[in-house]
A.B. asks: 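Would you mind keeping the following structure in view while I ask a few things?
Just so we're on the same page: letters track the sequence lines, and every chain starts at 1.
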2 protein chains.
Amino acid sequence: MARSRGRRAGDDVSPGGPDVFSADCPSRLVVERIGDKWTLLVFMALRRRVLRFGELRDLVGAVTPKVLTQTLRSLERDGLVTRTVYAEVPPRVEYALTDLGRSLLGPIDAIRAWSEENGERIAASRAAAAARVGA
Amino acid sequence: MARSRGRRAGDDVSPGGPDVFSADCPSRLVVERIGDKWTLLVFMALRRRVLRFGELRDLVGAVTPKVLTQTLRSLERDGLVTRTVYAEVPPRVEYALTDLGRSLLGPIDAIRAWSEENGERIAASRAAAAARVGA
DNA sequence: TGCCATACTTCCCGGATGGATACCATGGCG
DNA sequence: CGCCATGGTATCCATCCGGGAAGTATGGCA
């Protein structure tokens, strides 16, 4: 025991930020939030205009209704999109980004810019590693 | 059939970018890459200096050696960190960010800044929704 | 002859994630 | 009466991610 776990004083790892290593670090919250399979696509689809459920489903592509519903409900729960139901027949439901959701487009675009510049490098490195294993 | 799936011409969803909806969209690649449980912590830990396996494990906290190894190997595979083994006894292994990895710190910081500003809003919205269900 | 430290690896397991398929509710319309 | 469209639910299932506990390899040292 007494195996000195955790950070010692002087381990200044984060320049000017709060504790980056706490389990509930806000960066992790957000990255996990947008890190699932369909969220980013939904954001891209809603970036320009309000969309109905079916439009979203067709735009995003291979998503099943169950999973799309899950994604949208969780985004609504987190205050990033709104869900508006019109009492018509057949039913009409519209989804839109909230202000909060729209403000997240900035950081997302930072990722996107980096990805478009460097994504190939990652893919290449990954492919090279796979080739080494395969050979 | 013939149920008009997919985008139609004129659905200009992405301002100036390539196809955001392709399955291998680079943004998704990167977000999935950093979206797992420990990658962000490893990045934060390695941002300032090279670290040994044990240092990393102690800094990050509750990660088990198996999972930390997995995380590091996949980061190495993708060209984001280097792994240097010194043939000593007991063994010494050092991990460091590559240039590519360091360049990713920029976008990560964009997320971090947004998170520190807005993370609470998400948490609050989520808590409010949970309270509505619980009540 | 053990014992130590480091940096793993192996095995097994449980929970979460996402997918396939089928079904449901409403009310206008023919 | 039965069909249509929309926007979902319900049910079941395969896969994956991560976790716990224990084992491995090396060689110096007491």
A.B. asks: Is Val85(B) linked to Leu80(B) within one hydrophobic cluster, defined over Ile, Leu, Val, Met, Phe, Trp and Tyr using a side-chain heavy-atom separation of less than 4.5 Å?
C.D. replies: yes
A.B. asks: Atom CZ of Arg57(B) and atom P of dG19(D): how far apart are they, to the nearest Å?
C.D. replies: 15 Å
A.B. asks: Report yes or no: does Ser125(B) contribute a side-chain atom to a donor-acceptor pair with the main-chain N or O of Arg121(B) at less than 3.5 Å?
C.D. replies: no
A.B. asks: Would you indicate what Tyr95(A) reaches in the nucleic acid, counting non-hydrogen atoms under 4.0 angstrom: base, sugar-phosphate, or nothing?
C.D. replies: sugar-phosphate
A.B. asks: Summarise protein proximity over nucleotides 11-30 of chain C in one line of letters, 5' to 3': B for base, S for sugar-phosphate only, - for none, counting protein heavy atoms closer than 4.0 Å.
C.D. replies: B------BBB-----BB---
A.B. asks: Say whether, by atom type as modelled, one donor and one acceptor occur between the side chain of Asp36(B) and the main chain of Thr39(B) under 3.5 angstrom.
C.D. replies: yes
A.B. asks: For a quick test of reading the model, state the closest non-hydrogen atom pair linking Leu97(A) to Arg102(A) and the distance between them.
C.D. replies: O-NH1, 3.2 Å
A.B. asks: Roughly how bent is the helix from dT1(C)-dA30(D) to dG30(C)-dC1(D) end to end, in steps of 10 degrees, with each end axis from five pairs?
C.D. replies: 40°
A.B. asks: Starting at atom CZ of Phe53(A), determine the distance to atom P of dA5(D), rounded to an integer number of angstrom.
C.D. replies: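 Going from CZ in Phe53(A) over to P in dA5(D) covers 17 Å.
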A.B. asks: State which residue, out of Ile34(A), Leu75(A), Leu51(A), fulfils the side-chain contact (heavy atoms from CB on, under 4.5 Å) condition with Val42(A).
C.D. replies: Leu75(A)
A.B. asks: Using atom CZ of Arg83(A) as one end and atom C1' of dG7(D) as the other, report the distance to the nearest whole Å.
C.D. replies: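 About 8 Å, once rounded to whole Å.
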A.B. asks: Round to a whole Å and report the spacing from CD of Glu88(B) to P of dC4(C).
C.D. replies: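 Distance check: Glu88(B) CD to dC4(C) P gives 22 Å.
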A.B. asks: Would you say that Pro91(A) contacts Phe53(A) through its side chain, given a criterion of any heavy-atom pair below 4.5 Å between the two side chains?
C.D. replies: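 The answer is no, as the side chains (C-beta and beyond) never meet within the 4.5 Å cut-off.
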A.B. asks: Hey, which of Arg52(A), Arg83(A), Glu55(A) is the one that makes side chain to side chain donor-acceptor pair (under 3.5 Å) with Tyr95(A)?
C.D. replies: Arg83(A)
A.B. asks: Cut-off 3.5 Å, side chains only: do Arg28(A) and Ser115(B) have a donor facing an acceptor?
C.D. replies: no
A.B. asks: How many Å lie between CD on Glu32(B) and C1' on dC17(D), as a whole number?
C.D. replies: 13 Å
A.B. asks: What is the distance, rounded to the nearest whole Å, between atom CZ of Arg73(B) and atom P of dC17(D)?
C.D. replies: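 Those two atoms, CZ and P, are 17 Å apart.
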A.B. asks: How close or far is atom C1' of dC8(C) from atom OH of Tyr86(B), stated in whole angstroms?
C.D. replies: 18 Å
A.B. asks: Taking CZ from Arg92(A) and P from dG8(D), how many angstroms apart are they, rounded to a whole number?
C.D. replies: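 Nearest whole value for this atom pair: 13 Å.
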A.B. asks: Do Asp109(B) and Arg47(B) touch side chain to side chain, with heavy atoms closer than 4.5 Å?
C.D. replies: yes
A.B. asks: Please tell me if Arg52(B) has a side-chain N or O lying less than 4.0 Å from either OP1 or OP2 of dT6(C).
C.D. replies: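 No, because none of the side-chain N or O atoms of Arg52(B) sits under 4.0 Å from OP1 or OP2 of dT6(C).
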